[in-house]
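The structure under discussion appears below in the form of structure tokens.
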Protein chains: 2
Amino acid sequence: MPSGRGAGTARAGSFAYEYPRPAVTVDAVVFGLDEEALKVLLIERGVDPFLGQAALPGGFVRMTESLEAAVRRELAEEAGLRDIFLEQLYTFGEVDRDPRDRIISVAYFGLVNIRDHRVRGATDARAAGWHDVKRLPPLAFDHAAIVRTALVRLQGKVRYQPVGFELLPAKFTLTQLQHMYETILGRDLDKRNFRRKILEMGLLEGLPEKQTGVAHRAAQLFRFDREAYESLTRRGFNFEI
Amino acid sequence: MPSGRGAGTARAGSFAYEYPRPAVTVDAVVFGLDEEALKVLLIERGVDPFLGQAALPGGFVRMTESLEAAVRRELAEEAGLRDIFLEQLYTFGEVDRDPRDRIISVAYFGLVNIRDHRVRGATDARAAGWHDVKRLPPLAFDHAAIVRTALVRLQGKVRYQPVGFELLPAKFTLTQLQHMYETILGRDLDKRNFRRKILEMGLLEGLPEKQTGVAHRAAQLFRFDREAYESLTRRGFNFEI
DNA sequence: ACAAAAGTGTTGAACGTACACCCATGC
DNA sequence: GCATGGGTGTACGTTCAACACTTTTGT
């Protein structure tokens, strides 16, 4: 089993081809949100090159699994993350992006509610943890550029697709929802206008429940109604914040 | 040099690796527009598998070229197309998308003004030609799915980025521009509202020239002012049709 | 009683949409 | 002179943006 990025240089081996082949990896930029900031999941590399440095979770694609299956497997192995929202981001294929071999990486973009998914390190990764997007350590390979690409995508996407809900718990308050948008978009939104707009879309189901454990008036909880969204979308509705 | 999709099965060869590797190809979905319809550039395959069948231009990525360089080389070799608008579309990596080997394909999406670029077949491709998007022949591999993905992307993209100009000649009339949007979006636009909106954006430079060779009042010619667009974009302007 | 966040409406400006006629030109 | 597309303005409805105070609850 491939055990890190160094595998597969052109020394003697059991897999021979008529023409040279690049290696193919997948990498995941998984965003999470907590009270303070937008965070990215990073691991500490346990193998060379860049041993000990921070990097995106990822690894080699096996011959019997699809690209998406490969990222999901790596996220489970390296960070204990399963069943999260993921979509393909971009494929990075510059010739010299890996110092030792030609490696093409298919990057994925993921969103997760930090509270519901405990993260842990394993296998090639010595540790997995959340890092504030605005204060990232130096990253291995071209992973800093991959994170920048993912951030631009997130900021664009969140405005016209209801993906932000993936970052929140299943039940949330309108203020939490608003803060999520403010954190990602980097600007403040008007409370009254925000509430009117999002409620009038008809995508939120108000629950007969309130926040608990807060030292002030408890807010109503809502949940995202995926069925309503899909049904509206079929009728030509376009989400937009 | 790889001469078709069949190269690189695991029989004896000069390139050996410790772990098996998928082959990596690039494919291009190039759209063009003429008076009647939106068209896609297809070649007729000159090698197995799917010999003689229609397919997207594309081929294997070489070890010394980036992904984008590979698509540009293939487009030049197989269709004589150079210097066109291209951007990455999606990477297709299902295990069984090629019947003979594991092949991962990075698809690109291109736009071209049919009139300015004469297309011709060559190398692995026996012929290259334009086909109405709505009447495509059966395509090799999963290329029909790739074209569908590209079409969805084009329809989404054209509304909020000024890429449609790539499909028109450098100098065009407002009616040509409107028809381009109508063809891609599949719905009619109001002539007066369209003109007002696009002119007020300040992205079109009116030229002191008119259409020639038409059997009615000649329309004014315009050209897209890329510098104005970039300068406005830096100030927070968002293009939208 | 006070601190903290929840919740709630109105107004003016900007924008989108619907709609019909005269004009210039080539044949 | 007629057929063809070029070019133009207005009125109405909808949406967006700005703005401040009362209510509820826990400590």
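Letters A, B, ... mirror the listed sequences (proteins, then strands); counts begin at 1.
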Handout entry: side chain to side chain contact (heavy atoms under 4.5 Å, CB included) against A/Leu189, all qualifying residues, sequence neighbours excluded
Key = A/Gln178, A/Tyr181, A/Glu182, A/Arg187, A/Phe194
Problem - Heavy-atom protein contacts under 4.0 Å, nucleotides 11-16 of chain C, coded B base, S sugar-phosphate only, - none - result: -----S
Fill in the blank from the handout: CG (B/Leu38) and CE (B/Met180) are apart, to the nearest 0.5 Å, by 10.5 Å
Handout entry: CG on A/Leu41 to NE2 on A/His117, rounded to 0.5 Å
Key = 11.5 Å
Exercise for the section: Mind checking ring pair (Phe, Tyr, Trp, His ring centres under 6.0 Å) for A/Tyr108 and listing every partner two or more places apart, or none if nothing turns up? Expected result: none
Problem - Nearest-0.5 Å distance that lies between atom NE2 in A/His131 and atom CG in A/Leu139 - result: 9.0 Å
Problem - Contact residues, residues 170-190 of chain A to DNA chain D [heavy atom, < 4.0 Å] - result: A/Asp190
Exercise for the section: Would you please name every residue forming a side-chain hydrogen bond (donor to acceptor under 3.5 Å, both in side chains) with A/Glu87, sequence neighbours left out? Expected result: A/Lys157
Exercise for the section: Can you pull out how bent the helix from C/dA1-D/dT27 to C/dC27-D/dG1 is, comparing the axes over its first five and last five pairs, to 10°? Expected result: 10°
Handout entry: Contacts of B/Phe50 that satisfy ring pair (Phe, Tyr, Trp, His ring centres under 6.0 Å) - sequence neighbours left out
Key = B/Phe141
Practice task
Tell me yes or no: between the side chains of B/Arg235 and B/Ser231, is some donor less than 3.5 Å from an acceptor?
Solution key: yes
Completion exercise
In terms of heavy-atom contacts, A/His143 and A/Asp27 come closest through NE2-OD2, 3.7 Å
Practice task
List the protein contact pattern of nucleotides 20-27 of chain C with one symbol per nucleotide (5' to 3'): B for base contact, S for sugar-phosphate-only contact, - for none; contact means a heavy-atom distance under 4.0 Å.
Solution key: B--BBBS-
Completion exercise
Hits for ring pair (Phe, Tyr, Trp, His ring centres under 6.0 Å) against B/Phe172, two or more places apart or cross-chain, chain-then-number order -> B/Phe165
Handout entry: Chi angles and distances behind the salt bridge (Lys or Arg N to Asp or Glu O under 4.0 Å) call for B/Arg226, B/Glu166
Key = CA-CA 11 Å; B/Arg226 189 166 306 277; B/Glu166 305 288 342; 3.3 Å; yes
Practice task
Provide the start and end nucleotides, 5' to 3', of the part of DNA chain D that has atoms under 4.0 Å from heavy atoms of chain A.
Solution key: D/dC16 to D/dG26
Practice task
Please round to the nearest 0.5 Å and tell me the distance separating atom CG of B/Leu56 and atom CG of B/Asp142.
Solution key: 9.0 Å
Fill in the blank from the handout: Across all chains, not counting sequence neighbours, the side-chain hydrogen bond (donor to acceptor under 3.5 Å, both in side chains) partners of B/Arg234 are none
Completion exercise
Contacts of A/Ala107 meeting side chain to side chain contact (heavy atoms under 4.5 Å, CB included) (sequence neighbours excluded), chain-then-number -> A/Leu89, A/Phe92, A/Ile146
Practice task
Report yes or no: do B/Arg72 and B/Ser66 form a side-chain donor-acceptor pair below 3.5 Å?
Solution key: no
Problem - Protein-nucleotide distance (A/Ile198, atom CD1; C/dG7, atom P), rounded to Å - result: 15 Å
